[in-house]
**Q** 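Here it is, the structure in full.
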Protein chains: 4
Amino acid sequence: MNRRSSAESRKKILNAALITFSDHGYRGASMRMIAERAGISVGGLYLYFKGKEELCLTMLKDRFNDLVAELEKVALKIQDPADAFTQFITVSVEYTKRHRELILAQGREQGFTFGIDVKKRFFKNQRRLVEMIIRKGIDSGHFDDCNVREAAKIVTSMIRGFVLSIVVDPENLFQPDECARFMLRGLLRRKEQ
Amino acid sequence: MNRRSSAESRKKILNAALITFSDHGYRGASMRMIAERAGISVGGLYLYFKGKEELCLTMLKDRFNDLVAELEKVALKIQDPADAFTQFITVSVEYTKRHRELILAQGREQGFTFGIDVKKRFFKNQRRLVEMIIRKGIDSGHFDDCNVREAAKIVTSMIRGFVLSIVVDPENLFQPDECARFMLRGLLRRKEQ
Amino acid sequence: MNRRSSAESRKKILNAALITFSDHGYRGASMRMIAERAGISVGGLYLYFKGKEELCLTMLKDRFNDLVAELEKVALKIQDPADAFTQFITVSVEYTKRHRELILAQGREQGFTFGIDVKKRFFKNQRRLVEMIIRKGIDSGHFDDCNVREAAKIVTSMIRGFVLSIVVDPENLFQPDECARFMLRGLLRRKEQ
Amino acid sequence: MNRRSSAESRKKILNAALITFSDHGYRGASMRMIAERAGISVGGLYLYFKGKEELCLTMLKDRFNDLVAELEKVALKIQDPADAFTQFITVSVEYTKRHRELILAQGREQGFTFGIDVKKRFFKNQRRLVEMIIRKGIDSGHFDDCNVREAAKIVTSMIRGFVLSIVVDPENLFQPDECARFMLRGLLRRKEQ
DNA sequence: AATGAATGAGATTTCATTCAT
DNA sequence: GATGAATGAAATCTCATTCAT
């Protein structure tokens, strides 16, 4: 019986969960796998979390709150809209590279309702912040007037596609700054500049 | 015993698989569910497919071949690069809306190896076609010179993000033509046009 | 793989369930025990019943319907109220001696709601029939006027106590005719006093 | 660390056990629940009792001794046999209404051997006291001669049925005095007939 | 070719009990 | 004496796969 403090064990479990869920998805990850990685017995997991779902959601919530906080900083603190835009993509991309477990936000496990509140809140925040940046750009005259709502959807889709690719198709990972450049300037030739 | 031709049964099974996998994901879909929907016995499935994995992959392969064929038509037949670009996104988006089972391509079931070849081939083709369109645009002077490889990654990520959103966050579905417009023109204000 | 017909298996399972539940109570009986006794695999049970609860309730319902049918015959067909009363107790007692699983009706498993509808219906019927017999006796002048409702509760309690004793304290099993004799001497109208 | 005397802790535990077992049954009650209610650690329980079974049986034994003492008083001190009889039923019924944990005496947990000695002793005492009351009634000329053994079984069954109904079918609870009245009319000697 | 009863391995979860501190 | 983290066995249930018919 390898004794540890409660807090230590909780952290070990969350960490093991994070890796295991990332690698195998929600259903693919078994409590046994998580327990083994955490160096604890299977029953022990249930001392800290009511069940698989709670374990997964706790981990996700932590991550989301973290990321949203970082993104909020970018959207609020950076004055230049183009810079803010670039940073938003960069931070999103770098964060999810460090925390691959965020792909779980994409899962369709347990019917469609799994963690739906947690996810919905994150998605809404993500969109809201992109819209804020773009609107600021339009107001300040840096950006063309445009359909802000649509633009935000496109940007968040792109980021979501990046997250997926990390796990599923790593050859497809773009450079965040290149990505921002494209979005800002477009593909069409500019006649003179 | 409702006699059908072998080919007919195979088709029925593939169709049932398609719907069931779409609705429940790979692990959530059970062979019994597929059998019931196909109007065949559980054992019968194994006369046509070696197992669940083969069944799923066969279905995916069919779908991918189909979609790639359509996309190839767009990339090859449409002369104007901007039109081709717009059509590429539109077709990708519309096709996956009709065939939600393509989200399976995103799954991480069975470790990372599940259907890896099938997916990789599709991803490569997808990227190849986008690159082809963009390169044509640059060559013909319609598009600015740019990092073609990166641009293609960004576009495919965006499409992949769309596919995911269908299931996970339907509020996030963008309009394909708006999307194309943004990619083509960018966000930054154009001084004169 | 010991092949049997579906109906045969179902019967075997119900029979095994009956004995196992009787001997160990609802919680004490495990699906493994039932499966072993039925000569089937644990998973096999779930082909025939959705779960432990359904298995148990199906078995109980069958039994209750059976017994109520027999008791109804007694209450309706026997003219003499004293005879009907005696027979009611005798049949109840003999039936539960043959079908000890009826003690399950007494369990408090799964909180208090387990099989509550099934049980409540039986209890109500049991009371209703006793009341009917007593009321007939009063109307025909064989029985003293009395609080019919209370009398019925007392009789059903007595029977319930008998059922329990079968399993818990077999030395306490009374003779049904003696029991009826005792109860009747209190119910029969006294010619002169 | 809330220091208490050993005896105090023991009492707290027994009290917690009593309530928890009453509410959830033997298997439904967990050691953790009992510990929490007692305001003691899980491990602490094992300092006072060897295990769940011993804890439960100790509690039952206490209860039984208590009740038997009360019933003994009734049987020995009350002169009039009809009064004694009525009081016996009343006390039994009221006591079990206050101490629902006595239904545990009815359980079939752990096969048939659980607490068998404790229960048997109680059952025997219960029967012995009823027999004593009836025999006194016969000897004093208040009661008809009858099969005392059978009569006692019937009475204890009735009480046992009442105990069960408390938990399982509360609509079935009879009034103890009505019950006694019914039983007595059958036992009391008839002056002339 | 086709069926569907049956299996067996593995999933999540619960819990009495132990034991290092 | 006392704690509560940890264990391990067992429970219910699911399901891809097999195979006698």
Side-chain angles (χ1 to χ4, degrees), chain A residues 1-10 27-35 38-53 55, chain B residues 1-6 9 27-36 39-55, chain C residues 1-10 27-35 38-55, chain D residues 1-6 9 27-36 40-55:
Chain A
M1 224 180 298
N2 209 358
R3 278 329 197 61
R4 287 183 244 125
S5 78
S6 192
E8 211 179 330
S9 286
R10 221 188 103 97
R27 282 182 108 119
S30 77
M31 294 302 265
R32 193 179 48 75
M33 284 159 78
I34 295 170
I40 204 179
S41 68
V42 179
L45 298 180
Y46 291 84
L47 296 175
Y48 297 92
F49 300 93
K50 261 211 308 256
K52 191 181 185 182
E53 186 165 335
L55 173 51
Chain B
M1 220 177 303
N2 208 354
R3 276 316 185 81
R4 277 178 264 139
S5 76
S6 209
S9 286
R27 285 190 111 105
S30 75
M31 293 300 265
R32 189 193 287 250
M33 284 158 82
I34 296 170
E36 260 160 29
I40 206 176
S41 68
V42 179
L45 297 180
Y46 289 83
L47 297 173
Y48 295 94
F49 300 93
K50 253 200 332 230
K52 191 181 185 182
E53 188 166 333
E54 193 190 279
L55 172 53
Chain C
M1 220 180 298
N2 209 358
R3 280 329 197 63
R4 283 183 249 129
S5 77
S6 192
E8 212 180 330
S9 286
R10 221 186 104 98
R27 282 182 109 116
S30 77
M31 294 303 264
R32 192 178 50 72
M33 284 160 78
I34 295 170
I40 203 178
S41 67
V42 177
L45 298 180
Y46 291 85
L47 296 174
Y48 296 93
F49 300 93
K50 264 210 307 257
K52 191 181 184 180
E53 187 165 334
E54 193 190 279
L55 173 51
Chain D
M1 217 178 304
N2 207 354
R3 276 319 184 83
R4 274 178 265 138
S5 76
S6 208
S9 286
R27 286 188 110 107
S30 76
M31 294 300 266
R32 187 194 287 250
M33 284 159 81
I34 295 170
E36 260 160 29
I40 206 176
S41 68
V42 179
L45 297 180
Y46 289 83
L47 297 173
Y48 295 93
F49 300 93
K50 255 203 326 237
K52 191 181 186 182
E53 187 166 334
E54 193 190 280
L55 172 51

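Chain identifiers are assigned alphabetically (A, B, ...) following the order of the sequence lines, protein sequences preceding nucleic acid strands; residue numbering begins at 1 within each chain.
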**Q** How many Å lie between CE on C:Met33 and P on F:dA9, as a whole number?
**A** 19 Å
**Q** For residues A:Ile40 and A:Tyr48, determine if any side-chain heavy atom of one lies less than 4.5 Å from a side-chain heavy atom of the other.
**A** yes
**Q** Have a look at C:Ala29 and say if it touches a base, only the backbone sugar-phosphate, or nothing, with a 4.0 Å heavy-atom cut-off.
**A** sugar-phosphate
**Q** Whole angstroms only, please: what is the CG-P distance between D:Leu45 and E:dA16?
**A** 10 Å
**Q** Whole-Å distance between E:dC15 C1' and D:Leu55 CG?
**A** 15 Å
**Q** With both distances kept under 3.5 Å, what pairs with E:dT21, Watson-Crick or G-U wobble?
**A** F:dA2
**Q** If you measure from CG on D:Leu47 to OG on D:Ser41, what distance do you get to the nearest 0.5 Å?
**A** 7.0 Å
**Q** Expressed as a whole number of angstroms, how long is the span from C:Phe49:CZ to F:dT14:C1'?
**A** 18 Å
**Q** Does E:dA6 have OP1 or OP2 sitting under 4.0 Å from an N or O in the side chain of C:Ser9?
**A** yes
**Q** Minimum heavy-atom separation for A:Met31 to A:Leu55, with atom names?
**A** CE-CD2, 4.3 Å
**Q** Between A:Val42 and B:Lys50, which residue's closest nucleotide on DNA chain F lies nearer the 5′ terminus?
**A** A:Val42
**Q** Side chain of A:Lys52, heavy atoms from C-beta onward: which of F:dA5, F:dT18, E:dT12 has the nearest atom to it?
**A** E:dT12
**Q** Provide the closest heavy-atom pair for A:Tyr46 versus A:Gly51 in the form atom of the first, atom of the second, distance.
**A** CE2-CA, 3.8 Å
**Q** Restricting to non-hydrogen atoms, name the atom on B:Arg27 and the atom on A:Arg27 that form the minimum distance, rounded to 0.1 Å.
**A** CD-CB, 3.5 Å
**Q** Using Watson-Crick or G-U wobble geometry with both distances under 3.5 Å, which nucleotide pairs with E:dG8?
**A** F:dC15
**Q** Is the phosphate of F:dA2 approached by D:Tyr48 (side-chain N or O, under 4.0 Å from OP1 or OP2)?
**A** yes
**Q** Atom CZ of C:Arg27 and atom P of E:dA16: how far apart are they, to the nearest Å?
**A** 10 Å
**Q** Under 4.0 Å from OP1 or OP2 of F:dT14: is there any side-chain N or O of C:Tyr46 that close?
**A** no
**Q** With heavy atoms under 4.0 Å as the rule, sort C:Ile40 into base, sugar-phosphate or nothing.
**A** sugar-phosphate
**Q** Of A:Met31 and D:Arg32, whose nearest nucleotide on DNA chain E comes first from the 5' end?
**A** A:Met31
**Q** Expressed in angstrom and rounded to an integer, what is the separation of C:Glu8 atom CD from E:dG4 atom P?
**A** 17 Å
**Q** Name the residue closer to the 5' end of DNA chain E, choosing between C:Leu47 and A:Gly43 according to the nucleotide with the nearest heavy atom.
**A** C:Leu47
**Q** Does B:Ser41 have a side-chain nitrogen or oxygen under 4.0 Å from the phosphate oxygens OP1 or OP2 of E:dT3?
**A** yes
**Q** Under 4.0 Å between any heavy atoms, over every strand shown, what does B:Gly51 touch: base, sugar-phosphate, or nothing? Just pick one.
**A** sugar-phosphate
